[in-house]
Amino acid sequence: MNLLIKSATIVDPNSSFNQQVADILIKNGTITEIAKNIKADVTVFDATGKYLSPGFFDLNCNIGELGLESKENLKTGTAAAAAGGFTGIALMPNTQPPVHSKAEVEYLLNRAKGNLVDVYPLGTLSHKREGKDLAEMYDMYLSGAKAFTDGDRPVQDAGLMERALLYTKGFEATVFSYPEDTAIAGKAKVNEGEMSTLLGMKGIPSLAEELMIARDLYLAEYTNSKIHFSTISTARSVELIKEAKKKGLNVTCDVAAHHLVLTDDALAGFDSLYKVKPPLRTRKDVKALIAGLKDGTIDAIVSQHTPHEIEFKDVEFEVAEFGIIGFQTAFALALKAGLSVDLIVKKLAINPRAILDLEQVTIAADQKANLVVFDTTAEWEYTKENNKSKSYNSPYIGETIKGQVLLSCNNNHLFKSNLS
């Protein structure tokens, strides 16, 4: 792949060209030159007024392989990721079978070879995600698993979480915690508050999340281990993690893009497309999450891409599955939340790789071209036709969205948007 990107504003804190407008020449998948007014007999992409940064990286997404390919497979999932600017994704092990041994890790890595999008399977923390016994984490680590989590099943056994933190400390892997106390959350479907009362539905109190964060922070401090919290959603959760960081604990966290713009007010019409977990919270929580991103408490933004067949979402709210697809809207939602371009790049491209101890992507000569070009002002309509996912469970399909990914480049492959 040979390409000349003209007049792009480079946004990369690790590059000497950060905040400069320049041309980027790519030959055979490698950046060969960055300068003004480059001349070359290759395909030209005019990026005047547009931004170029390292490719985005998603720490929390779901693709159906293994076993749930009717929801999403690697081909459709990585196509949707590339369309959203993601050149790297960490796959949650919420599959059938779950990714609980080296066999599943190696299968996914082999299936993903040669793709534009780098795929990093996350291994389960417990065997079969049952929350009883530790999984074969070291074997999975040697096979390529960079972190361990039971995905959307919170670890209720404090002793199991303590053992996982101690065990992974020996080979410097990271434990991801999805914080929810299921005894408190119960079988509720929405946030506990005014809206749940208005709808006549049982609510999930913020306490269910905050209590688990407090527990796991104590365990991380006791074991002197690092821990990452996935998709925090409440104001008090931000405060707890902020306090832990001030104490010097090795803790990081992320937030789902939809939690930065949506509140539980969206549930007034019982639309199951807005049914997510953790549930949509209040305006106060949204403001706290955005403030947490700006002050450095929250390290990363994730898509929490969760595809479902229509029969799992186009049903009564009570029985519908949790989750929305998010690869193609994550960047736009971060923009809608009022975040600056610099901050978005930090939270979508730089910090996620640091959390997994991956080598940073740099916009520099003689480096692999792993990058995204995006326009912060362009508006586009998200439709079933330009949706790259196999599933359609997004409340934004049919909506006009501001903020467009124009191209993604990695591994000598190129995705170029054909949206007007």
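What you see is a predicted model, and the numbers here were worked out from it, not measured in a lab. Numbering starts at 1 and runs along the sequence shown.
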Participant: Please report whether the ring centroid of Y120 lies less than 6.0 Å from that of F57.
Facilitator: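 Close enough - the centres of the two rings lie under 6.0 Å apart.
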Participant: With side-chain hydrogen bond (donor to acceptor under 3.5 Å, both in side chains) as the test, would you mind laying out the steps for H258 and Q304 before giving the verdict?
Facilitator: CA-CA 9 Å; H258 48 266; Q304 204 186 18; 3.3 Å; yes
Participant: Under 3.5 Å, side chain of D181 to main-chain N/O of L211, donor-acceptor pair present?
Facilitator: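 No, because the side chain of D181 does not come within donor-acceptor range (under 3.5 Å) of the backbone of L211.
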Participant: Is the NZ or CZ atom of K71 positioned over F312's six-membered ring, under 6.0 angstrom from the centre and within 45° of the axis?
Facilitator: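 Yes.
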Participant: Applying the salt bridge (charged side-chain N to carboxylate O under 4.0 Å, His left out) criterion to D295, which one of K245, K246, K242 satisfies it?
Facilitator: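 Result for salt bridge (charged side-chain N to carboxylate O under 4.0 Å, His left out) with D295: K242.
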Participant: Going by distance alone, is a donor N or O of one side chain under 3.5 Å from an acceptor N or O of the other, for N62 and H305?
Facilitator: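 No - no donor-acceptor pair under 3.5 Å links their side chains.
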Participant: Would you kindly say whether T282 and D285 are connected by a side-chain donor-acceptor distance under 3.5 Å?
Facilitator: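 A donor-acceptor contact under 3.5 Å links the two side chains.
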Participant: Does K189 make a cation-pi contact with F317 (under 6.0 Å, within 45 degrees of the axis)?
Facilitator: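 Pair K189/F317 does not count as cation-pi.
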Participant: Just by distance, with hydrogens left out, do D150 and T124 show a side-chain donor and acceptor under 3.5 Å apart?
Facilitator: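 Result is no, nothing qualifies.
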Participant: Between D12 and S53, is there a side-chain donor-acceptor contact under 3.5 Å, judged purely by atom types and distance?
Facilitator: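 The answer is no; no qualifying pair exists.
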Participant: Which residues pass the side-chain contact (heavy atoms from CB on, under 4.5 Å) test with K294, sequence neighbours left out?
Facilitator: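 So K294 forms a side-chain contact (heavy atoms from CB on, under 4.5 Å) with I290, L339, L343.
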Participant: May I ask you to check whether F176 and F148 place their ring centres under 6.0 Å from each other?
Facilitator: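 Aromatic pair excluded; centres sit 6.0 Å or further apart.
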Participant: Can you confirm whether the side chains of R281 and T234 place a donor and an acceptor under 3.5 Å from each other?
Facilitator: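 Note: R281 and T234 side chains miss the donor-acceptor criterion.
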